[in-house]
Structures are given as C-alpha cells and as structure tokens.
*Asks:* 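Dumping the structure here so I can ask a few things about it.
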2 protein chains.
Amino acid sequence: MNYTEFKHCGLNVALEVLSGKWKPIILFHLFHQQEIRFTDLWRNIPKVAKKVLLEHLKQMEADGLIVREERQVFPPEVYYRISEKGKALGPALAALENWANEHASAQVQELRDKKKVANGQR
Amino acid sequence: MNYTEFKHCGLNVALEVLSGKWKPIILFHLFHQQEIRFTDLWRNIPKVAKKVLLEHLKQMEADGLIVREERQVFPPEVYYRISEKGKALGPALAALENWANEHASAQVQELRDKKKVANGQR
DNA sequence: CAGTATCCCGCGTGATACTG
DNA sequence: CAGTATCACGCGGGATACTG
C-alpha cells in the first residue's frame, strides 16, 4: 500500500481551520446567536486579548467560516455571524463533542472545572 | 442566556487530543494497519523527527488513543495500534474530512500538492 | 531499534498603549 | 468601538548526537 496520496489531508485542512485557542468558543457563540457585535463577543469570552480575538476572527473570515458585517456609523459597529460553510461544520463538531463526552468525560470535567475557576465561579 | 457552562468544552478536549503536527497522519496509518512497528511508522512519515514522533505517540498513548506493545527481545521491537477509544474517533474524523472535501477542496488540493513536492513526486 | 539529551528557532498567544 | 503597533515569552517542533 502506498500512502503518498495522503487521503487524510482533508482532516489536516479541517484541523488547521480549527486551530486557534479560542476558535471553538467563538464558534460556539456564533452557532447559538446568529449575529454578535464584536464587543459583546469579547465580553463573553473572558481572558482573551482583543488582538488575539481579532486575529482569530480575521482568519476564520478568510477561511470562509464566518461573515463580517461592518455598519457605517460612528462609533463603529461590526457584527459577526456564521456562514453556510461554517454551519456545515456543525455535525463534525458535534461528533467530536460526543466522542469527548463518551470517551473522555474525565478530561472534559477537568476542563470544565478549570474554566469555572478561571471565571471565578464556585 | 449564560455561556459559562462551556458546553463546547468537549470539543476543546477533542481538539487538544488531536493537536500535534503529525497526529492525523499517525492516526491515518493506525486506522489502516492494525499494528505498526515504530521504525516502519517512522519510515512511512517522511520528515518527522524521531523525537517528535515519539512525543506524539507518548501523548496519544496517555490520551488512550493508541496502545503500545513492547516485545522483550533484542533488538527491541515496539508496536503501536489503535485503541477502542481511538477507533471511536473514526466517525468524527471522517466527518471533518468530508467537510474539508466538500467545502474546502481548494485548500485540500493545495495541501496535497505541497506534500507531493515535499516527497519529491511529480 | 527504541528512546533520551541538548540546543535552537519561530510562532501563537498575551499585555499594553495607541489611533481613526 | 473596532482595529493596529510593540514588545515579550513559552512551547511545539526540528537537528543532531548519544545510550541501553
């Protein structure tokens, strides 16, 4: 068998597109909210630097996952929403979530606890 | 609505487990081969440093994705195979692959080309 | 052959201040 | 408010030599 065809490279592409510390939570919000203003998104994601959030959004827009809409007013208003291509990722993301919950519930619980602490919850 | 429950954290866990430059291709081989000796795996993944490959395998074993079997002979023989937990990732990985092929075929093709060049193919 | 020990480098992330 | 400019730092990944 010859593996030089790299049939897994679609997987690489998908993971690349998802690589970025805050992209999962960004997607989470956009999946649940249909449109969010930048500042609101920022406030809803504790501890991310504004610069980094903007970088991630820029990449995701370049990757076609999200749509950026700039309303020409002052002060500026910029809204982000999920694109069709982004929506299409939904099932795959859900599959990953399910896998984690079914096969790695310990790590999931760990992570949840860490985040609550980071957000000052009890 | 309150997002502090971080219902997406399963996704974070799954992506963490997959994070590592060579993990997709490692999984690819283990999904297709049922057991591989370390050196063979190494030869089949061009350009990865032995140290890095070992690190990845160690992490994947710690994450329960793969199983390491050491046969007590000289010279040493070590075989790796996918675990049940690893196998369970299959559908999710396939979903990501399909998404990439259906919605990001340009990037996929790009990546494929790059890899062929890296392997000295025409 | 499988694995470890060093040394190195670039990049992703972060803090902070500034601009239009 | 949205976005940019700097500066800094740790860590993932790579090259190479060594060990049991």
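Computed from a prediction, not measured in an experiment: that's the story for all the values here.
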*Asks:* Which nucleotide in the set dC1(C), dG3(D), dT13(C) lies at the smallest distance from any side-chain heavy atom of E55(A)?
*Replies:*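 Nearest listed nucleotide: dT13(C).
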
*Asks:* Expressed as a whole number of angstroms, how long is the span from W42(B):CH2 to dT4(C):P?
*Replies:*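 The distance from CH2 of W42(B) to P of dT4(C) comes to 14 Å, rounded to the nearest Å.
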
*Asks:* Within the side chain of D40(A), is there an N or O that forms a donor-acceptor pair under 3.5 Å with the backbone of I36(A)?
*Replies:* no

*Asks:* To the nearest Å, give me how far apart CG (L57(A)) and C1' (dG3(D)) are.
*Replies:*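 My rounded result for the distance is 12 Å.
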
*Asks:* Side chain of K58(A) only, please: which of dG3(D), dT4(D), dT13(C) is the nearest?
*Replies:* dT4(D)

*Asks:* Donor-acceptor check, side chain of W42(A) to backbone of R37(A), threshold 3.5 angstrom: yes or no?
*Replies:*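 Answer holds: no.
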
*Asks:* Hey, could you give me each pair passing salt bridge (Lys or Arg N to Asp or Glu O under 4.0 Å) that has a residue in residues 78-88 of chain B? Not counting sequence neighbours.
*Replies:*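 As it turns out, the salt bridge (Lys or Arg N to Asp or Glu O under 4.0 Å) pairs with a partner in residues 78-88 of chain B, which skip direct neighbours, are E84(B)-K87(B).
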
*Asks:* Can you tell me how far C1' of dG12(C) sits from CG of L53(A), to the nearest Å?
*Replies:*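 Taking CG of L53(A) and C1' of dG12(C), I get 15 Å after rounding.
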
*Asks:* Test your reading of the model: is there a side-chain donor-acceptor pair from S83(B) to the backbone of V67(B), 3.5 Å cut-off?
*Replies:*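 Here the side-chain-to-backbone pair does not exist.
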
*Asks:* Can you confirm whether L93(B) sits close enough to F28(B) that some side-chain heavy atom of one is under 4.5 Å from a side-chain heavy atom of the other?
*Replies:*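 No, side chains not in contact.
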
*Asks:* In B/S/- notation, 5' to 3', how is nucleotides 14-20 of chain C contacted by protein heavy atoms closer than 4.0 Å?
*Replies:* BB----B

*Asks:* Mind checking what makes side-chain contact (heavy atoms from CB on, under 4.5 Å) contact with V108(A), not counting sequence neighbours?
*Replies:*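 Applying side-chain contact (heavy atoms from CB on, under 4.5 Å) to V108(A) gives A100(A), N101(A), R112(A), C9(B), V13(B).
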
*Asks:* Pick the closest DNA chain C nucleotide for E70(B) and for Q59(A) by heavy atoms, then say which residue is nearer the 5' end.
*Replies:*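 On the 5' side of the pair lies E70(B).
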
*Asks:* Taking Watson-Crick and G-U wobble pairs with both distances under 3.5 Å, convert DNA chain C into its dot-bracket string, 5' to 3', dots for unpaired and | for cross-strand pairs.
*Replies:* ||||||||||||||||||||

*Asks:* Could you give the CG-to-P distance, from L54(A) to dA5(D), as a whole number of Å?
*Replies:* 12 Å

*Asks:* Take atom CH2 in W22(A); do more than 12 heavy atoms of anything else shown fall under 6.0 Å from it?
*Replies:*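 Check passes, neighbour count above 12.
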
*Asks:* Please state whether the phosphate of dG12(C), meaning OP1 or OP2, lies under 4.0 angstrom from any side-chain nitrogen or oxygen of H56(A).
*Replies:* no

*Asks:* Measure from CZ on R37(B) to C1' on dC1(C) and round the result to the nearest Å.
*Replies:* 6 Å

*Asks:* To the nearest Å, how far apart are R68(B) CZ and dC1(C) C1'?
*Replies:* 12 Å

*Asks:* For Y79(A), answer base if it contacts any base atom (sugar-phosphate contacts may also be present), sugar-phosphate if it contacts only those atoms, and nothing otherwise; contact means non-hydrogen atoms under 4.0 Å.
*Replies:* nothing

*Asks:* Just jot down the side-chain contact (heavy atoms from CB on, under 4.5 Å) partners of A95(B), sequence neighbours excluded, or say none.
*Replies:*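 So A95(B) forms a side-chain contact (heavy atoms from CB on, under 4.5 Å) with A92(A).
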
*Asks:* In whole angstrom, what separates L41(A)'s CG from dG3(D)'s C1'?
*Replies:* 15 Å

*Asks:* Sorted by first residue and then second, give each salt bridge (Lys or Arg N to Asp or Glu O under 4.0 Å) pair with at least one member in residues 58-68 of chain A; sequence neighbours left out.
*Replies:*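 As it turns out, the salt bridge (Lys or Arg N to Asp or Glu O under 4.0 Å) pairs with a partner in residues 58-68 of chain A, which skip direct neighbours, are R68(A)-E70(A).
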
